[in-house]
Amino acid sequence: MSPGHAGTFYFLLVYLPYRAMSIERIATSAIVIGAGPAGAGTSFFLSKFGIPHIVVEKEYFPRDKVCGDACSGKTVLVLNRANPEWMKEIQNTEQDFLPAWGISFVAPNGKVLEIPFEPNRTKESKPPGFTTPRLVFDNFLFQKMASPFCKIYQGAKIEDIKNENGKAIVTILHEGKQCQIVSPMLVGADGDKSIVRRKYQKGDNSPKAYSVGLRAYYEGVSGLHAENFIELHFLPEIQPGYLWIFPLPNGMTNVGVGILSETVRKKKINLREQMLFAIRNNPAIAPRFANATLNGKIQGWGLPLAVERQSMSGDNYILTGDAAALIDPFTGEGIGNALYSGMLAAEAIQKCISGNNYSGDFLKEQYDDVVYKRLGDELKISTTLQRLSCHRWLFNAVVNKAYKSVSLRNTISCMFSDIDLRDKLRKPSFYFKILFNR
Ligand SMILES: Cc1cc2nc3c(=O)[nH]c(=O)nc-3n(C[C@H](O)[C@H](O)[C@H](O)COP(=O)(O)OP(=O)(O)OC[C@H]3O[C@@H](n4cnc5c(N)ncnc54)[C@H](O)[C@@H]3O)c2cc1C
């Protein structure tokens, strides 16, 4: 044996078994991969139920996430359920969180439809939504995860995930040390490029169910609504998709575009150029950017859309948020659904623990079916709306009518809070009545 081979042999004989023996093994009731909104939502409620768990996150907080930074009523609902004090904190910190009272739709023909989120608003009403940079919001959520039931490994690299004897075993490298975490339940809250999803479900989302988005921060955009309405501009040049302008605290604005990846591929669209072209040339938009400056880089990320029901669990695992492809196909909102699915995942885990049953069949019943019972209708409506928004003439016609009719504007406004009313939007009769004044 040459001296080189002898060295290798010595390494294999002595060092590797030593390393294997020295790996720390930790047992816990649930492992959560990812500390974004889905992971935080899961963790809040696991802690509330007194369930010990470990959160593994690859970044260090505060960390950024490419997003439109708009949080809807569902975010408010989950935070209020987790701890009502947190929303008070948000409402009292306007330098970080800007209250949003409505939404403006701009039809392809340029007509603007302003819809307040709360048509019957009183002095006591609280803002139904807010905007805040994700750098700030996710760090807020991250701080709130602190609990005696939650241990967090930040800056951790996942080296391996495997299943053995009804347990998930996750090997991580954290601060130079390898460690194995063992649990009957693994929660994939690791976003769009989820490794948990890839491990258990293979394959990625279909391009029909996937959008790509760009985000830019601008300072000094003019013409924003006095009550911070978020704006969706359905420009003819960006369809099926839209350009958004969302006011943020401190005079900042989040500007971006989202469009189906299938369209980008088929039409060979350069999204960045298209967005900048609209900002520089669209007659309704360009003057508002005359004195605006771009802060930082324009960045892109994917949006896995909930256009069809997919499996979100199996033996010993659950997927939440973007890992489960739960983004609203019409509005592009995913923060609320990520938090909400995290909450439902924690409820399902509580049932698994009490019934000592972590099987795929049980989880389908306790998690997938519950998520679709609660969110399925609104996701179906949004899928229909996303498809309808591609018909420019219909979109223009509805906005034209609503522009003139207070009662139609009020009906659409109520649709934001009333899911049964919103279901009308799926029915052809709704459009027939609008178009023919019935
Ligand atoms: C351009 C754009 C605009 C958007 N605008 C809005 C909007 O205005 N409002 C809205 O509600 N939604 C919006 N969304 C959607 C929203 O950003 C997502 O739905 C939301 O972030 C999903 O939360 P999540 O926790 O599932 O995933 P993420 O927020 O992506 O969090 C996943 C976490 O997992 C961590 N992670 C990933 N891989 C690993 C790993 N291997 N090991 C450990 N940790 C890992 C990540 O670091 C991250 O912290 C937008 C998305 C895009 C792309």
Side-chain angles (χ1 to χ4, degrees), residues 31-43 54-76 78 100 103 129-135 137-139 141-142 145 152-161 170 172-174 186-199 210-216 230-232 241-246 248 254-259 261 271 275 298-306 312 319-329 331-342 345:
I31 307 167
V32 181
I33 306 219
T42 312
S43 175
I54 289 178
V55 178
V56 181
E57 166 60 50
K58 68 174 182 177
E59 305 285 345
Y60 284 96
F61 279 71
R63 64 100 183 90
D64 189 22
K65 156 77 177 79
V66 175
C67 187
D69 299 336
C71 294
S72 68
K74 214 174 291 133
T75 298
V76 176
V78 178
I103 184 164
F130 57 89
T131 57
T132 176
R134 287 289 296 273
L135 186 75
F137 184 56
D138 287 19
N139 196 43
L141 297 177
F142 186 77
M145 278 162 62
I152 304 174
Y153 290 93
Q154 288 192 73
K157 182 176 184 301
I158 293 184
E159 295 196 322
D160 186 41
I161 299 176
V170 178
I172 65 165
L173 187 65
H174 180 248
L186 178 64
V187 180
D190 47 345
D192 173 37
K193 297 184 172 62
S194 170
I195 55 169
V196 181
R197 182 191 177 96
R198 281 196 196 147
K199 157 90 188 160
Y210 199 78
S211 266
V212 283
L214 291 183
R215 175 211 67 185
I230 60 174
E231 301 173 27
L232 300 184
Y242 54 74
L243 178 138
W244 69 78
I245 302 177
F246 294 170
L248 285 173
N254 183 318
V255 181
V257 285
I259 190 163
S261 62
L271 209 51
M275 175 171 131
I298 300 177
Q299 287 184 289
W301 198 255
L303 292 93
L305 308 175
M312 297 184 290
L319 300 174
T320 54
D322 281 11
L326 282 176
I327 295 186
D328 185 294
T331 63
E333 290 174 79
I335 303 169
N337 286 350
L339 281 161
Y340 197 81
S341 58

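Whatever order the structure lists ligands and atoms in, that order sets their numbers, starting from 1. Computed from a prediction, not measured in an experiment: that's the story for all the values here. These numbers come from the heavy atoms of this one structure, side chains and all, not from hydrogens, waters or symmetry mates. Position 1 is the first residue of the sequence; numbering continues from there.
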Q: Which one holds for Asn337 and ligand 1: side chain close, backbone close, both close, or neither close, with close meaning a heavy atom under 4.0 Å?
A: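 Looking at Asn337 and ligand 1, no heavy atom falls under 4.0 Å.
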
Q: Run the numbers for me: atoms of ligand 1, each under 4.0 Å from some heavy atom of Phe246, listed by number.
A: 8 (O)

Q: Hey, which atoms in ligand 1 end up nearer than 4.0 Å to a heavy atom of Trp301?
A: 53 (C)

Q: So which protein heavy atom does atom 41 (N) of ligand 1 come closest to, and at what separation?
A: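 Ranked first by proximity to atom 41 (N) of ligand 1 is Ile195 CD1, 3.5 Å.
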
Q: Relative to the heavy atoms of Ala70, which atoms of ligand 1 are at a distance of less than 4.0 Å?
A: 7 (C), 8 (O), 9 (N), 10 (C), 11 (O)

Q: Is there a donor-acceptor pair closer than 3.5 Å between any side-chain N or O of Arg215 and the backbone N or O of Gly256?
A: no

Q: For residues Gly302 and Tyr210, report the shortest heavy-atom separation together with the two atoms involved.
A: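 That would be CA-OH, 3.3 Å.
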
Q: Counting only heavy atoms closer than 4.0 Å, does ligand 1 sit against the backbone of Asp190, its side chain, both, or neither?
A: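 The answer is both, backbone and side chain.
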
Q: Between atom CG of Asp69 and atom CZ of Phe137, what is the distance when rounded to the nearest 0.5 Å?
A: 10.5 Å

Q: Take every heavy atom of Pro37, measure it against each atom of ligand 1, and state whether any distance is under 4.0 Å.
A: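 Pro37: in contact with ligand 1 (<4.0 Å).
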
Q: Report the nearest protein non-hydrogen atom to atom 25 (O) of ligand 1: residue, atom name, distance rounded to 0.1 Å.
A: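 Result for atom 25 (O) of ligand 1: Ala38 N, 2.9 Å.
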
Q: Side chains of Ser194 and Asp190: do they bring a donor and an acceptor to under 3.5 Å?
A: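 Result is yes, a qualifying pair exists.
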
Q: Specify the closest pair of heavy atoms between Ala189 and Val32, including all atoms of both residues, with the distance to one decimal.
A: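 Smallest heavy-atom distance, with atoms named: CB-CG1, 4.2 Å.
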
Q: Do you know which two heavy atoms are closest between Ala35 and Met145, and how far apart they sit?
A: CB-CE, 4.2 Å

Q: On a heavy-atom basis, I'd like to know which of Gly36, Gly155, Gly334 is closest to atom 12 (N) of ligand 1.
A: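 Selected option, by shortest heavy-atom distance: Gly334.
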
Q: For atom 49 (O) of ligand 1, what's the nearest protein heavy-atom neighbour? Residue, atom name and distance, please.
A: Glu57 OE1, 2.7 Å

Q: Which of the numbered atoms in ligand 1 are under 4.0 angstrom from any heavy atom belonging to Ile327?
A: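 In order of number, 15 (C), 19 (O).
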
Q: May I ask whether Ile33 places a heavy atom under 4.0 Å from ligand 1?
A: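 So Ile33 counts as touching ligand 1.
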
Q: Could you tell me, atom by atom, which parts of ligand 1 come under 4.0 Å of a heavy atom of Trp244?
A: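 Near Trp244, meaning under 4.0 Å from one of its heavy atoms, ligand 1 has 1 (C), 3 (C).
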
Q: Where does the angle between the aromatic ring planes of Phe142 and Phe61 fall among parallel (under 30°), tilted (30 to 60°) and perpendicular (over 60°)?
A: parallel

Q: Checking side chain to side chain contact (heavy atoms under 4.5 Å, CB included) between Leu243 and each of Ile259, Leu214, Leu232, Val257, which is the one that passes?
A: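 Answer to the side chain to side chain contact (heavy atoms under 4.5 Å, CB included) test with Leu243 among Ile259, Leu214, Leu232, Val257: Val257.
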
Q: Below 4.0 Å, non-hydrogen atoms only: which portion of Lys65 touches ligand 1? Side chain, backbone, both or neither.
A: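 For Lys65, the contact with ligand 1 is made by the side chain alone.
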
Q: Could you tell me whether Val56 approaches ligand 1 through its side chain, its backbone, both or neither, with non-hydrogen atoms closer than 4.0 Å?
A: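 It is the backbone that touches ligand 1; the side chain stays farther off.
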
Q: Taking 4.0 Å as the limit for heavy-atom contacts, which would you say applies to Ala338 with ligand 1: side chain only, backbone only, both, or neither?
A: side chain

Q: In Å, rounded to the nearest 0.5 Å, how long is the span from CZ of Phe246 to SG of Cys67?
A: 8.5 Å

Q: Work out which heavy atom in Ala70 is nearest to a heavy atom in Thr131; give both atom names and the distance.
A: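 Smallest heavy-atom distance, with atoms named: CA-CG2, 4.0 Å.
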
Q: Would Leu339 and Lys74 count as a side chain to side chain contact (heavy atoms under 4.5 Å, CB included) if you check the C-alpha gap in whole Å, the side-chain angles of each, and the deciding distance to 0.1 Å?
A: CA-CA 8 Å; Leu339 281 161; Lys74 214 174 291 133; over 6 Å; no

Q: Hey, is ligand 1 close enough to Phe61 that some N/O pair sits below 3.5 Å?
A: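 No, since none of the N or O atoms of Phe61 sits under 3.5 Å from an N or O of ligand 1.
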
Q: So is Gly332 close enough to ligand 1, meaning a heavy atom under 4.0 angstrom away?
A: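 Yes.
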
Q: Indicate the atoms forming the closest heavy-atom contact of Thr320 with Ala345, along with that distance.
A: CG2-CB, 3.7 Å

Q: Can you list the ligand 1 atoms lying under 4.0 Å from a non-hydrogen atom of Glu333?
A: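 So the atoms of ligand 1 that pass are 10 (C), 11 (O), 12 (N).
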
Q: For ligand 1, which is the ligand I care about here, please tell me if Gly68 has any N or O atom under 3.5 Å from one of the ligand's N or O atoms.
A: yes

Q: Counting only heavy atoms, which portion of Ala189 has something under 4.0 Å from ligand 1: side chain, backbone, both, or neither?
A: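 For Ala189, only backbone atoms sit under 4.0 Å from ligand 1.
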
Q: Determine the minimum heavy-atom distance between Tyr242 and Gly332, stating which atoms define it.
A: OH-N, 3.7 Å

Q: Determine whether the side chain, the backbone, both or neither of Arg134 has a heavy atom under 4.0 Å from any heavy atom of ligand 1.
A: side chain

Q: Quick one: does Gly302 get within less than 4.0 Å of ligand 1, heavy atoms only?
A: yes

Q: Identify the protein heavy atom lying closest to atom 45 (C) of ligand 1, giving its residue, its atom name and the separation to 0.1 Å.
A: Lys58 CG, 3.7 Å

Q: For ligand 1, which part of Ile335 has a heavy atom less than 4.0 Å away: the side chain, the backbone, both, or neither?
A: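 Both backbone and side chain.
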
Q: Heavy-atom contacts under 4.0 Å between Arg63 and ligand 1: side chain, backbone, both, or neither?
A: side chain

Q: With atoms numbered from 1 as shown, which atoms in ligand 1 lie under 4.0 angstrom from a non-hydrogen atom of Gly213?
A: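 That gives atoms 1 (C) of ligand 1.
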
Q: Heavy-atom contacts under 4.0 Å between Asp322 and ligand 1: side chain, backbone, both, or neither?
A: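 For Asp322, the contact with ligand 1 is made by both the backbone and the side chain.
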
Q: Can you report which non-hydrogen protein atom sits closest to atom 27 (O) of ligand 1, along with the distance?
A: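 For this ligand atom, the closest protein heavy atom is Gly191 CA, 3.6 Å.
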
Q: Considering heavy atoms of the protein only, find what lies nearest to atom 34 (O) of ligand 1 and give residue, atom and distance to 0.1 Å.
A: Gly34 CA, 3.2 Å

Q: Atoms of ligand 1 less than 4.0 Å from Leu303 heavy atoms?
A: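 Once the distances to Leu303 are compared, the set is 50 (C), 51 (C), 52 (C), 53 (C).
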
